Peer 1: 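Below are the structure tokens for one structure; questions will follow.
Not measured: the values here are computed from a predicted model. Below, chains carry the letters A, B, ... as their sequence lines are ordered, and counting in each starts from 1.
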Protein chains: 2
Amino acid sequence: MKLEEAQQKFIQGWGQLGASWGINRTMAQIQAVLLLSPKPLCTDEIMEKLQISRGNANMNIRELVAWGVAYKSFIKGDRKEYYYSEKDMWELAKKVSRERKKRELEPLIKILGELQTIEGSSEEVKEMNKVVKSAGQMAKRAESMLDLVMKLEEKVFFKWFKRK
Amino acid sequence: MKLEEAQQKFIQGWGQLGASWGINRTMAQIQAVLLLSPKPLCTDEIMEKLQISRGNANMNIRELVAWGVAYKSFIKGDRKEYYYSEKDMWELAKKVSRERKKRELEPLIKILGELQTIEGSSEEVKEMNKVVKSAGQMAKRAESMLDLVMKLEEKVFFKWFKRK
DNA sequence: TTAAACTTTCAATTATTTCTGAAAATAAAA
DNA sequence: TTTTATTTTCAGAAATAATTGAAAGTTTAA
């Protein structure tokens, strides 16, 4: 397989993965491009590689930087900003975990917390309280798992994990 | 808080969670409605509760059943089909894990496997091979984690987990 | 059979999300 | 300062995804 073709496949696959995780497909593809590049890239190079507009590139690059999965880089004598990806997959996983926890788990836990005060004795109220309780329990457990992931080092985590 | 209001909040929150996981919002809301109901519901009741069309309701209910997170139920003397949700959150988590593994992790692992044969010695080829290798490693680890989740019982899993 | 009750499908519509490109803003150099 | 390079914004356009509703399909029972 030729390099170009392989890169294209990787970029598509990574984009697809992002999309099914509720992450903008282009954002994930930019990340893939940065992952594959041995050196930082500027906006124009990314636009060229993915055939996208400046506005689109700019917005999604900034989002990647906000997530902490890409970084800015400056080259002396050049006014352009360059970008490179976090390449450590474990670090990447941790950053994504952190964002998703913030954006999804925490709002759910908050809502569930507010719902723990329903009064009444109808079947529906009982069912509500049961569901809220068990969902809250599950969410808290998921949260503490993510906390653990984010705290431990890769080696430690997987070594521990292998204890099965 | 009144029951109606609490139910509405739960349904919205659950739908939101689903949406950010790449699951159709309505599908997640139907699941929420079924979770809250002490008894199985028919299509018309779900349409009524969520104010959606028959086609929409039908399609998403079927999808929930296909995921294995809702079940059909028949009531004697009634021709309609009724549906109820899997209510065990752990079982729910396992079912969702299974689907997501199938839909996302496996395709990625397949693609990465196909990309492990790039020849050449340029910086770009080296980078490609590095990225493919580490991504593949991470994906396989995620896979074995999900396998573990799906194999163990809730109590065992969390007890084991608490060993930290 | 035929009819009634219910489920499924799908073309057309509507809603939502993403993308573009040009203008405005910002920052560095002349 | 003024000019030039670069980044950012955002209204409208385009693309994508979700939804509707009516017709077709199925199943049960009279």
Peer 1: Within less than 4.0 Å of OP1 or OP2 of C/dT7, is there a side-chain N or O belonging to B/N58?
Peer 2: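 No, because none of the side-chain N or O atoms of B/N58 sits under 4.0 Å from OP1 or OP2 of C/dT7.
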Peer 1: Any salt bridge linking A/K102 with A/E99? Criterion: basic side-chain nitrogen under 4.0 Å from a carboxylate oxygen.
Peer 2: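 Looking at A/K102 and A/E99, the cut-off is met.
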Peer 1: If you check the B/S53 side chain, which of D/dT20, C/dT9, C/dC6 turns out closest?
Peer 2: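 Closest nucleotide among those given: D/dT20.
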Peer 1: Just how far, in rounded Å, is P of D/dT28 from CD1 of B/I75?
Peer 2: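 Rounding to the nearest Å, CD1 of B/I75 and P of D/dT28 are 16 Å apart.
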Peer 1: D/dT4 P sits how many Å from A/K80 NZ, rounded?
Peer 2: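 Whole-Å distance recorded here is 17 Å.
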Peer 1: Between C1' on D/dA17 and CG on B/N24, what's the gap in Å once rounded to a whole number?
Peer 2: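 Nearest whole value for this atom pair: 9 Å.
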Peer 1: Nearest-Å distance, CZ (A/R54) to P (D/dT8)?
Peer 2: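 Those two atoms, CZ and P, are 11 Å apart.
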Peer 1: In whole Å, I'd like the distance from the CG atom of B/D78 to the P atom of D/dT28.
Peer 2: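 One finds 13 Å between P of D/dT28 and CG of B/D78, rounded.
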Peer 1: Between the side chains of A/D147 and A/K101, is the shortest nitrogen-to-carboxylate-oxygen separation below 4.0 Å, so that they form an ion pair?
Peer 2: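 Salt bridge present between A/K101 and A/D147.
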Peer 1: Just how far, in rounded Å, is C1' of D/dT9 from CD of A/E63?
Peer 2: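 Rounded to the whole Å, the gap is 15 Å.
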Peer 1: For the pair made of CZ in A/F74 and C1' in D/dT7, what is the distance, rounded to whole Å?
Peer 2: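 About 11 Å, once rounded to whole Å.
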Peer 1: With rounding to the nearest 0.5 Å, note down the distance linking OG1 in A/T43 to CZ in A/R62.
Peer 2: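 Here the interatomic distance stands at 10.5 Å.
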Peer 1: Mark yes or no: B/R100 above the aromatic ring of A/W21, with NZ or CZ under 6.0 Å from the six-membered ring centre and no more than 45 degrees from the axis.
Peer 2: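 Geometry flag: set, cation within 6.0 Å and 45°.
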Peer 1: Let me know, please, whether A/E81 or B/R79 comes out on the 5' side of the other along DNA chain D by nearest nucleotide.
Peer 2: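 Mapping each residue to its closest nucleotide by heavy atoms, the 5'-most match is A/E81.
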Peer 1: Heavy-atom nearest nucleotide on DNA chain C for B/N56 versus B/D44: which residue maps closer to 5'?
Peer 2: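 That would be B/D44.
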Peer 1: Here's a test of your reading of the structure: between A/T43 and B/I52, which maps to the more 5' nucleotide of DNA chain D?
Peer 2: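 Its nucleotide being nearer the 5' end, the pick is A/T43.
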Peer 1: Output the rounded distance in Å from CG (B/N60) to P (D/dT20).
Peer 2: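 To the nearest whole Å, that distance equals 10 Å.
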Peer 1: Check whether any side-chain N or O of A/T26 sits under 4.0 Å from OP1 or OP2 of C/dT18, and answer yes or no.
Peer 2: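 Negative; the distance criterion is not met.
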Peer 1: Once you measure the plane-to-plane angle for A/F158 and A/W90, does it fall in the parallel (<30°), tilted (30-60°) or perpendicular (>60°) bin?
Peer 2: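 The rings of A/F158 and A/W90 stand perpendicular, inter-plane angle above 60°.
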Peer 1: Check every strand shown and say whether A/R25 touches a base, only sugar-phosphate, or nothing at a heavy-atom separation below 4.0 Å.
Peer 2: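 Since no nucleic acid heavy atom lies under 4.0 Å of A/R25, the category is nothing.
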Peer 1: Taking only the side-chain nitrogens and oxygens of B/R62, find out if one of them lies under 4.0 Å from OP1 or OP2 of C/dT7.
Peer 2: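 Checking C/dT7 against B/R62, no side-chain N or O comes under 4.0 Å of OP1 or OP2.
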